[in-house]
Amino acid sequence: MSKLAIVYYSATGHGTKMAERLAMAGENAGAEVRLRHVEETRDPATFAENPAWTANYEATKDKPAATGDDLVWADAVVFGSPTRFGATAAPFQTFVDSLGGLWAQGKLMDKVYAAYTSSQTLHGGQETTLNAIYTTLMHWGGIIVPPGYTAPLKFADGNPYGVGHVTGPDNQNELEEATLVALDHLAQRIVSVADKLTR
Ligand SMILES: Cc1cc2nc3c(=O)[nH]c(=O)nc-3n(C[C@H](O)[C@H](O)[C@H](O)COP(=O)(O)O)c2cc1C
């Protein structure tokens, strides 16, 4: 049984829903799954006027937060971050920056990795965010397993780099069916490749 860690940051909850879908799909694919959010770095008072941000913070703050140990434990990791100015969110990057010691010991290499993101607008930078994550993974010696166009459903969600959700003008779009099945496919694919490597 491969070990899959879903490690993500989410402010307003879209990334949390995507992570939960990935975790369910990973379990259905036979993996042992750790679902871990990256802790909020801002004082909740600074986003109190944003109900979605507050609701996601309250819903996740008492759940286990991501640590380096979750990555060491895993055979496969899916990272998730919202797109902010075409790149990853600062709390996600703070977590990544905390991993230098594990990287130096070679404890992050030779694992299977993929990533997902969300953005408010269709061409708002999802691909650059995913590529930013993948650049870090190259430094780690990670085995990047993008979904590509490896199944017909990838021609519907249209993102060969990972999975992306467009949250819409009011940041309230629900996950579309094409995105949900693309998340299932990403989890199945990464678990399948990890199973082959760990067998
Ligand atoms: C500081 C900041 C920068 C953002 N930059 C972008 C951007 O470059 N392109 C875009 O389409 N959306 C941008 N957004 C919108 C976020 O991508 C969107 O709110 C996010 O995907 C929601 O994910 P979450 O609910 O998991 O936090 C930005 C939001 C914030 C707060």
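Reckoned from all heavy atoms, side chains included, excluding hydrogens, waters and symmetry mates. Indexing begins at 1, ligand by ligand and atom by atom, following the structure's order. Because the structure is a prediction, the values reported are computed rather than measured.
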- Query: Given the rule in the side chain to side chain donor-acceptor pair (under 3.5 Å) test, do Thr129 and Thr88 qualify, once you have shown the distances and angles that lead to the verdict?
  - Reply: CA-CA 6 Å; Thr129 301; Thr88 52; over 6 Å; no
- Message: Please evaluate residues Asn56 and Thr16 with respect to the criterion side chain to side chain donor-acceptor pair (under 3.5 Å), reporting the C-alpha separation (whole Å), side-chain torsions for both, the decisive distance (0.1 Å), and the verdict.
- Response: CA-CA 8 Å; Asn56 183 59; Thr16 301; 2.7 Å; yes
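- A heavy-atom cutoff of 4.0 Å around ligand 1 is satisfied by the protein residues Ser10, Ala11, Thr12, Gly13, His14, Gly15, Pro82, Thr83, Arg84, Phe85, Gly86, Ser118, Ser119, Gln120, Thr121, Gly124, Thr167, Asn171.
- Aromatic pair Phe79/Tyr116: centroids not less than 6.0 angstrom apart.
- Ionic pairing of Asp184 and Arg189 is not present here: no N-O contact between side-chain nitrogen and carboxylate oxygen is shorter than 4.0 angstrom.
- Taking the six-membered ring where tryptophan is involved, the planes of Trp53 and Phe47 are essentially parallel, since the angle between them stays under 30° and well short of 60°.
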Side-chain donor-acceptor distances from residues 190-199 under 3.5 Å, at least two apart:
unit_1	atom_1	unit_2	atom_2	d
Asp195	OD1	Ser2	OG	2.4
Thr198	OG1	Ala194	O	2.9
Thr198	OG1	Asp195	O	3.4

